[in-house]
Student: 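One structure is given below, represented as structure tokens, and several questions about it will come after.
Order of the sequence lines fixes the chain letters, A, B, ..., with proteins taken first and strands second; residue numbering starts at 1 for each chain. As a basis for the values below, the full set of heavy atoms in this structure was taken, side chains included, without hydrogen atoms, waters or symmetry mates.
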Amino acid sequence: MTSNSTPAQGAASTTVAALEARGLGHSYGPRQILGGIDFSVEQGEFVCIVGPSGVGKTTLLRCLSGLQVSTAGELHVLGSVVKEPQPGVALVFQDYSRSLMPWASVLENVTLPLRANRVSKKDANARAYEALEQVGLAAAVGDQYPWQLSGGMQQRVAIARALAYDPTVLLMDEPFASVDAQTRSDLEDLVLRLQRRLGLTVILVTHDIDESVYLSDRIVVLAGSPAHVAEIVDVPLGAERDQIGTKSDPAFATTRAHVHNLVRAAAAVSPSTGTARVVDVP
Amino acid sequence: MTSNSTPAQGAASTTVAALEARGLGHSYGPRQILGGIDFSVEQGEFVCIVGPSGVGKTTLLRCLSGLQVSTAGELHVLGSVVKEPQPGVALVFQDYSRSLMPWASVLENVTLPLRANRVSKKDANARAYEALEQVGLAAAVGDQYPWQLSGGMQQRVAIARALAYDPTVLLMDEPFASVDAQTRSDLEDLVLRLQRRLGLTVILVTHDIDESVYLSDRIVVLAGSPAHVAEIVDVPLGAERDQIGTKSDPAFATTRAHVHNLVRAAAAVSPSTGTARVVDVP
Amino acid sequence: GGDASEPSEGPTAITVATYPVMSNAAVYIGVEEGIFADNGLDVTLETITSGPDSVPTLLSGDLTFTSIDVPTLINATKEDVGLVAVGAMMVGVDVDRGYVGVVAAPDKGIEDWADLEGKKVGVNALGSTPVALISASMEAVGADPSTVQWVQIAQPETIPALQAGQLDAANLAQPLLTAAEEAGFEQVGNPEQLTVGGVPTFLYVTTREYAEKNPEVVAAFQESLNASGEIANGDHELAIETAKKSTTVDPAVLDKVTGLPMWGSKPLTTEDLQKFIDVLVNAGQLDESDASIADQMIWNG
Amino acid sequence: MKAFRNGVSLLAIEIWLPLLLVVLWWTVSEYVNSLYFPPLRVIMEAFAENWLVPDKALSNLVPSLQLIIVAYSLAVVAGIVFGTTLGLVRPLERAVRPIVEAMRAVPGVALLPLFIVLFGIDQPMRILLVAFGAMWPVLLNTLDGVRGVEPTLLDMTRSYRVGRVRRLFQVILKSAGPQIFAGARISLAVTLIIMVVAETVGADGGVGYFLMTAKSEFRISAMWSAMVALGILGYILNIIFRIAERYVLRWHRLQQARLERTS
Amino acid sequence: MNASTEVTRAPRADRRGPSTFGWLLIQTGAVVLAGGIWWLASGFFPAGAIPTPPEVLGRLGQLVLTGEFWSAIGITVGTFALALTVSIVVAVPLGLVIGASTFWTQSTRLLFDFLRTIPPIALLPLLLLVLGADFEMVFGLAVLGAIWPILIQSIYAARQGEALLVDMSAAYRIPRGWFIRHIFVPGALPFVMTGVRLGTTICLLLTISGQLLGAAPGLGHEIAAAQAWYDTPRMYAYVLVAAILGLIVNAGVWAAQRRLLRWHPSVRGESR
Ligand SMILES: Nc1ncnc2c1ncn2[C@@H]1O[C@H](COP(=O)(O)OP(=O)(O)OP(=O)(O)O)[C@@H](O)[C@H]1O
Ligand SMILES: Nc1ncnc2c1ncn2[C@@H]1O[C@H](COP(=O)(O)OP(=O)(O)OP(=O)(O)O)[C@@H](O)[C@H]1O
Ligand SMILES: [Mg+2]
Ligand SMILES: [Mg+2]
């Protein structure tokens, strides 16, 4: 594990927040999903969002990305109110397979955002191949169609697309859900390294509490219906992380347990599904 | 944790295997994915399949389900060769969101296989509501369209569809990838209980090695390109499992470590992607 | 043949095709005045829009008689369709302002047949009566019809095309002829005047099969037709009034119409047809080899 | 099936049914004694006479082909442009929907004078008339296809700030591709059909002119031969079209090949 | 995330846009605007070539008081409705069946490509001969015209399904009938509906053309009569009626489409 960068917080040279949500609320028609979300993310910070299934994490991420205009509250990016997607923000969709164009090869899928943002074909291809390699996909995969790939490979294509985009803010919605444990920890380390080295701001939605503690500086726990911030947990693990050392740190275990309890409590009321938990077999 | 059933192996009263693959091979066009897979699953057994992303787990599961006719070898279900899906086999697809009909409500999605197999509307609805409740979805969700649900909720609808189908063989492809930790362990216990109580044969593909050890009687580790069975690991944990007790069993840790090493070794050659592992940032 | 043979029993039902214009006024008058009934015919009138297109209906038996122009009958005879002419619906008008006419915009400098040389002239079909008649009219005044650029255009589209300057002149029949004059175009002449004045131009036809089986019906039809034509030719006011009643047209339009057709009132003869055929042959519209076709075109009950 | 699939057997699959029907037609029509349904033998004689003699055939085919190529291209381009515009700007589409639907239903008799006044009576007018009529299938299909794009893909382009032009050409139109092609295939036939009508105005040649003249002159076997010529023309054009489709929608064909197995 | 489609897909104006009534006003405004353009434009044409809207509407006002007008419309609408129903009932199942099988798609391709290009108008004499100059002939003509777009579109539609849903129904052993009814047809419907919309208009146009050319009673016949008398306002009044009929019929098809495809991205954005 090489860490050749300053700690993330150090990389944030200004005091203005990368992202700031103030009383952010969202409703689909009459159904209110998010109710007054307040939190801010510093530049260069790594924040994870956790919460029970259906609580509104994807909705929140979509609001943060500017894809969706929240129906209440305000969203500031670098101090100014935004209502639409901002440059330098890359998003990895939870529904990754639908976010890939079936008519385009993997390479074209990865280069499209680059070419669309005036990167020359040569550079775009080089960056795409580099990103594909980083996520563990062979160059030959570039010529295939996405639907010829396995689920995990498709998910990695979606990640590669985000990485090749060279974002300053990276929003990821359960990006490692479909890859094997080994690839998963490799990808976690990859994102962590990139984040540290390039001073990226990363907001990552995950269901894996170990992952959230391992990766992030702070964890936002969502709960309730409409969803609110149950707690923002600081992760006292310092900037240097590695799969073995960090996870055996006692602070890891306590943070993990704390977040676990928060999510469990949130899940116990099963917010947006309305009833009690998974039911016992009679 | 209530266990009101006899051990799974006890439930298998006959000696003929539920599923038996002999030299199963599959190619997409010229590319061979599976090369001679041999293994068998007893009736009432719980088997997990693990392996690196892209190794061919989904392909194998599709062959086992009869959806795809393997291009080499033979598949026996209850002793007879099969070439098409068999009755009593339910499948949860990895790409769950695409396996739900966007034009049908959640309830209709769950009841369709039942209604199509001559279950009366009343019974089908009752079973669907029960299954939805079991996976932690409120009855009100039944009236919504799948695309109005969060990813994890959609995945649970797909699981509910399989459960309501009342199968004797349950094939699941990364069924808990998109749900939160709490729901995940609840669903794990749910499947385990159902399997024990009803004597189901379950084959489950997962990337979570803890999950595979916790759930299964045996773990099939796939590796290589074309994929072969690297090892079939027996899980020495007995029939009774519970999230805290089982996971603190020393045997759990050793099995877990063993499988982990197998998958890591398999991933190190990153079979179907052709190159080495996730690459370091330069 | 025009010899009447009296039907003895109840009236025979026949269906006769008519156009939604005034060329049919004679038949209407005949029906109104009971001439057909007197001859033992119970007439149903069916509207058609084009002579050739009504032939299938005639063949299928849904029509007993229909009307087509001479060239159409020549074609049908050449192709062995099995039609025979039983009477004249209209005969060429012998005056300079008749039922048909060639109109031109006043600024085109077209005042008589000779001025059509080298001009774009609209006709309803390229191998049709108007081409032959206009050509013959031009030749009659010593002009060269081969210089004319014929343009195929349906009657309803002709006035818009004239207005748009797409045509220098065009052949029109009533009431479009009057409408064109209303719109400011001027009549160059009546192409029938110098060519087929008094010669049948539109014929009533039936199938040879029908005529052979029902010669007495044909005879009664011929009888009634000629009697009706007689009345219509003699009383233009009645013809107009009948048109007002028998069509859905705006009476105000009808009042403006000058120049009526001349309806057939005499038995049709081979010589009549031959005159028309000669005009066609002279205009190069018909092969010499077909010039003796007249015999096969006519019913000699 | 796969081994089957060399060029020859593909041809065999494609022609067995038509061949069967032709044989049937040939036999039955020999015994039908009707002016308007001549024996196929006679039709083929007329076909040989009218469409296999280069001089005669060319004078009718050249104007028609010119009309088809230009009008069809115009129809497709216009259909895609208008369809995309209306598909993307939903309020606009909804506002003008009554006008569009009414316009589609205006009978040709009303359009003809208008087109003559506006565009004359020569080939350009016919081209525009045909293009206008043939545009609708492409337009409607484009409209529906553009609106059916996977929402996640649109979100993706927005989030990665893929510019309008690229989004349009690389995502929206490609996604609508299968549907646009379906429309274009219908338009092709509509082009030929309207051509026949258009060639009755001001034309002095063309397949349609030939057909309508033959019809009014009772040259029924010649009329049938023109229909055969149109059919063959339609088929040849469809082959060209299919080659283009195979190339452009390669991904779709491959992807959908998976469907065949079960359905 | 496809779940939140409704909000992201629809342009803002549609989202918090006007009510149904508001849309009706906007659409009326657009129609009035188009009428205005027509009025202005008719001034540029030679007098009488294109009648002005008041002339046409005035004539229409007279016509609606007559019985012939309504009987002409009655016959036209009746023939059209029957022809469209028959076309849909025949073409949609046939197209889907053919499209679902590569063998039949390839076997019928030449035949259909050949037949499709034969203009219905050329078939008019044949229809007149076989069916007579009446309702049956117009009906036959309308069916011959409308059936092709619906058929071709249905053939294409059969290939649009989500492959995974086919797998799903195989895995759950959903019988053919159920598969067709609940998975195959709904998946094909977006394409089929476009074909139906095309076919609807073509069917109406050919009903009118058939009446016009074959002199069968109905709207087309009235147009032909008006044309023959150079009664342009009257002709345009009937043309306007034809256009309005097209509008009404297609509004019906739109409504059906909105209902049948309310799950589809193309409709999700269009609330109410
Ligand atoms: N339709 C297809 N055409 C061609 N190749 C395919 C197709 N589907 C899958 N493959 C290839 O088969 C291999 C195995 O795919 P499979 O989906 O079985 O992997 P997997 O083990 O399920 O992976 P994951 O864990 O990522 O889902 C991959 O390399 C993939 O590229
Ligand atoms: N388009 C939509 N229309 C209506 N309701 C929606 C829509 N999209 C999402 N929802 C609802 O919003 C709630 C939150 O959804 P969201 O996708 O944000 O959840 P999530 O936290 O991402 O869950 P998961 O972990 O399962 O992905 C859910 O209850 C869902 O039913
Ligand atoms: Mg989510
Ligand atoms: Mg898989």
Side-chain angles (χ1 to χ4, degrees), chain A residues 2 28 50-59 94-95 97-98 133-141 148-153 155-156 173-174 177-184 186-187 189-190 193-194 197 207-209 260 263-264 266-268 270 272-281, chain B residues 2 4 28 50-59 94-95 97-98 133-141 148-153 155-156 173-174 177-184 186-187 189-190 193-194 197 207-209 260 263-264 267-268 270 272-281:
Chain A
T2 57
Y28 292 111
V50 298
S53 166
V55 75
K57 302 180 295 298
T58 298
T59 307
Q94 181 175 15
D95 205 350
S97 84
R98 291 192 191 222
E133 205 187 336
Q134 286 179 336
V135 298
L137 293 175
V141 170
Q148 293 178 317
L149 304 183
S150 80
M153 290 161 81
Q155 192 164 39
R156 285 182 278 162
D173 200 349
E174 303 184 29
S178 300
V179 295
D180 60 281
Q182 181 59 45
T183 308
R184 185 173 191 135
D186 289 346
L187 289 172
D189 288 337
L190 172 72
R193 274 200 311 279
L194 288 172
R197 192 162 63 82
H207 282 312
D208 186 330
I209 292 166
H260 196 89
V263 175
R264 172 182 296 240
S270 192
S272 49
T273 58
T275 62
R277 300 297 315 128
V278 171
V279 155
D280 225 62
V281 182
Chain B
T2 59
N4 47 6
Y28 291 110
V50 300
S53 166
V55 75
K57 302 179 296 298
T58 299
T59 307
Q94 180 174 16
D95 205 351
S97 86
R98 289 192 172 188
E133 206 186 335
Q134 286 180 334
V135 299
L137 293 174
V141 171
Q148 293 178 317
L149 303 183
S150 79
M153 290 161 82
Q155 193 164 39
R156 284 182 280 163
D173 200 349
E174 303 185 28
S178 301
V179 295
D180 59 282
Q182 181 60 45
T183 308
R184 184 172 192 136
D186 289 347
L187 289 172
D189 289 337
L190 172 72
R193 273 199 312 279
L194 288 171
R197 193 162 64 81
H207 282 312
D208 187 329
I209 291 164
H260 197 89
V263 175
R264 173 182 295 241
S270 192
S272 50
T273 57
T275 62
R277 302 295 318 125
V278 171
V279 155
D280 225 61
V281 182

Student: Considering residues at least two apart in sequence or located in another chain, which fulfil the side chain to side chain donor-acceptor pair (under 3.5 Å) criterion with D95(B)?
Tutor: S97(A)
Student: At a 4.5 Å cut-off on heavy atoms, which part of R184(B) comes close to chain A: side chain, backbone, both, or neither?
Tutor: neither
Student: Can you tell me how far CD of E174(A) sits from CG of D180(B), rounded to the nearest 0.5 angstrom?
Tutor: 9.0 Å
Student: Got P52(B) and Q182(A) here, is their nearest side-chain heavy-atom distance under 4.5 Å?
Tutor: no
Student: Can you measure from CZ (R264(A)) to CG (D186(B)) and round to the nearest 0.5 angstrom?
Tutor: 8.0 Å
Student: Pick one of side chain, backbone, both or neither for A181(A), based on which atoms fall under 4.5 Å of a heavy atom in chain B.
Tutor: both
Student: With chain A, which of S178(B), G152(B), G51(B) has the greatest number of heavy-atom pairs at distances under 4.5 Å?
Tutor: S178(B)
Student: Please list, chain by chain and in numerical order, all residues satisfying side chain to side chain contact (heavy atoms under 4.5 Å, CB included) with S150(A), sequence neighbours excluded.
Tutor: M153(A), S53(B)
